[in-house]
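Step one of this worksheet: look at the structure below.
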Amino acid sequence: MFVRLKILQRSGRTVREALLQREKHTHTLEERLSEKKLSRCFVDQRRVRLQAGSGGKGASSFHSEPRKEWGGPDGGDGGAGGHIIIRVNRQVKSLSSVSTVYRGRDGEAGGSKNCFGRNANPTYISVPVGTVVREQGVVLADLSQQDQQVTVAYGGAGGKGNRSFLTNENRAPMRATEGQQGQQREIQLELRTMAHAALVGFPNVGKSSLLRAISKARPAVAAYPFTTLNPHVGIVEYRDHTQVAVADIPGLIPGAHLNRGLGLSFLRHIERCRVLLYVLDMSSPEPWEQFQQLCFELDQYRPLFSQRPHAIVANKMDLPESRANLEALRERISQTVIPVSALTRGNTGELILHLREMYDSYPQAETLP
Ligand SMILES: Nc1nc2c(ncn2[C@@H]2O[C@H](COP(=O)(O)OP(=O)(O)OP(=O)(O)O)[C@@H](O)[C@H]2O)c(=O)[nH]1
Ligand SMILES: [Mg+2]
């Protein structure tokens with residue numbers, strides 16, 4: 001450290017300047033890394049090729065013992081090939097851990113002395129809750145519960161050993177059959193967030209902080225964009241035990257409808273929620289512009305999308321510059337504006353009540369624009 005200070009002094013830069021420069025550098029590096037991390041970690045669609053295991057071969061052999069020359073056929077059957085099963089695992093949060101090709105295990109071949117081959121164990125694919133399995137657009141399964149599973153490719157049956165072909169006419173059959181091929185399939189997996197309301201906003205506006213403030217969900221919060229890479233769902237509980245699921249969707253960026261910053265997949269998640277909560281950072285210079293941009297992105301993705309039942313959550317009201325911005329926002333916008341502070345939890349009660357009102361007024365998700 002001392003040597004570094006000496007070098008800095010010699011180069012004419014003050015320590016403060018150097019530190020500022022370093023901070024700037026690490027910030028841009030962090031942002032770049034986050035964009036990279038984002039495309040690597042967030043996967044909500046996968047095309048998967050499956051080849052279940054083939055059955056084992058049947059054996060062709062004859063019993064032999066001293067002084068028993070014609071012991072008869074004793075070739076056992078082959079074991080069945082392994083199935084491929086998709087199973088829900090709550091620990092899995094995205095489809096990034098799912099490979100694009102799966103091969104099931106083959107059954108064991110049969111043996112002499114009537115030994116049957118072992119059946120192969122199934123191959124499991126772990127997927128998150130809310131995964132939809134499709135084949136050429138047709139839904140095969142909608143997996144919405146922990147441990148729910150569906151067999152997507154069946155293993156082939158084992159071949160028959162020559163013992164099975166013993167007849168009165170043929171006392172010494174040589175014939176044994178091969179195992180059957182396992183099923184081959186190509187399926188599409190799609191992850192869908194199952195929530196009633198979505199927190200929609202640009203990065204760093206405090207969506208995750210807000211979800212922490214109104215529910216028991218604990219998404220990560222940090223002062224840089226793209227902290228959230230996967231949608232998180234938190235449950236807001238009411239006294240009458242009604243539960244409203246709220247999703248914290250990763251931040252959108254301008255151009256999201258053109259798939260910038262993985263915008264399309266995030267928009268797909270928002271599409272399934274019946275209520276939208278636009279989260280604005282009130283400490284930024286012109287928060288109403290954020291709202292207009294968000295509406296633009298949503299409408300470009302799907303006409304009239306932004307008209308869905310919604311409210312505007314004016315966040316970061318604890319900061320001094322937010323007061324004046326709130327009045328200006330209310331003058332420009334006719335929709336309901338709920339000022340809150342996710343950090344101090346100020347006025348989150350009003351947001352929770354308003355959410356319930358919206359939830360009760362729009363029960364049919366199918367009638368949405
Ligand atoms: N002062 C103040 N800061 C807040 C408030 N809400 C969030 N923040 C801060 O804003 C920063 C970003 O918060 P996050 O909750 O991670 O924001 P986000 O919208 O989830 O961000 P991404 O996940 O990157 O899209 C953090 O440093 C928070 O502490 C608030 O009400 N007041
Ligand atoms: Mg977040």
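Each ligand, and each atom within it, is numbered from 1 in the order the structure gives.
At the top of the distance list for atom 28 (C) of ligand 1, counting protein heavy atoms only, stands V221 CG1, 3.7 Å. For atom 4 (C) of ligand 1, the nearest non-hydrogen atom of the protein is K316 CE, 3.7 Å. Nearest non-hydrogen protein atom to atom 20 (O) of ligand 1 is S208 OG, 2.7 Å. Closest protein heavy atom to atom 23 (O) of ligand 1: T228 OG1, 2.7 Å. Residue, atom and distance of the protein heavy atom nearest to atom 25 (O) of ligand 1 are K207 NZ, 2.9 Å. Protein heavy atom nearest atom 17 (O) of ligand 1, with residue, atom name and distance: G206 N, 3.2 Å. Of all protein heavy atoms, the one closest to atom 32 (N) of ligand 1 is D318 OD1, 2.7 Å. The protein atom (non-hydrogen) at minimum distance from atom 6 (N) of ligand 1 is N315 ND2, 3.3 Å.
Between H310 and F291, the ring planes are tilted. Angles from 30° to 60° get that label.
Side chains of S208 and D248: a donor on one and an acceptor on the other come within 3.5 Å.
Residue G251 has at least one heavy-atom neighbour below 4.0 Å for each of these atoms of ligand 1: 25 (O). Within the listing of ligand 1, atoms 6 (N), 7 (C), 13 (O), 14 (P), 15 (O), 28 (C) sit less than 4.0 angstrom from a heavy atom of S209. Near L319, meaning under 4.0 Å from one of its heavy atoms, ligand 1 places the atoms 1 (N).
Backbone or side-chain N, O or S atoms of S208 reach the Mg ion (ligand 2) at under 2.8 Å.
A donor-acceptor pair is defined here as one N or O able to donate and one able to accept, closer than 3.5 Å; such a pair exists between the side chain of Q183 and the backbone of Y154.
Atoms OG and CG, on S283 and N325 in that order, are 8.0 Å from each other to the nearest 0.5 Å.
Among I312, L280, L329, the one residue that satisfies the side chain to side chain contact (heavy atoms under 4.5 Å, CB included) test with W288 is L329. Checking I125, D142, L95 one by one against T131, the side chain to side chain contact (heavy atoms under 4.5 Å, CB included) holds for a single residue, L95.
With salt bridges taken as basic N to acidic carboxylate O contacts below 4.0 Å, one links D240 and R356.
Within a 6.0 Å radius of CZ in R47, no more than 12 heavy atoms belonging to other residues, nucleotides or ligands are found. Within 6.0 Å of the CZ atom in R218, the count of heavy atoms belonging to other residues, nucleotides or ligands exceeds 12.
Ligand 1 has a nitrogen or oxygen under 3.5 angstrom from a nitrogen or oxygen of L343. No N or O atom of V340 sits closer than 3.5 Å to an N or O atom of ligand 1.
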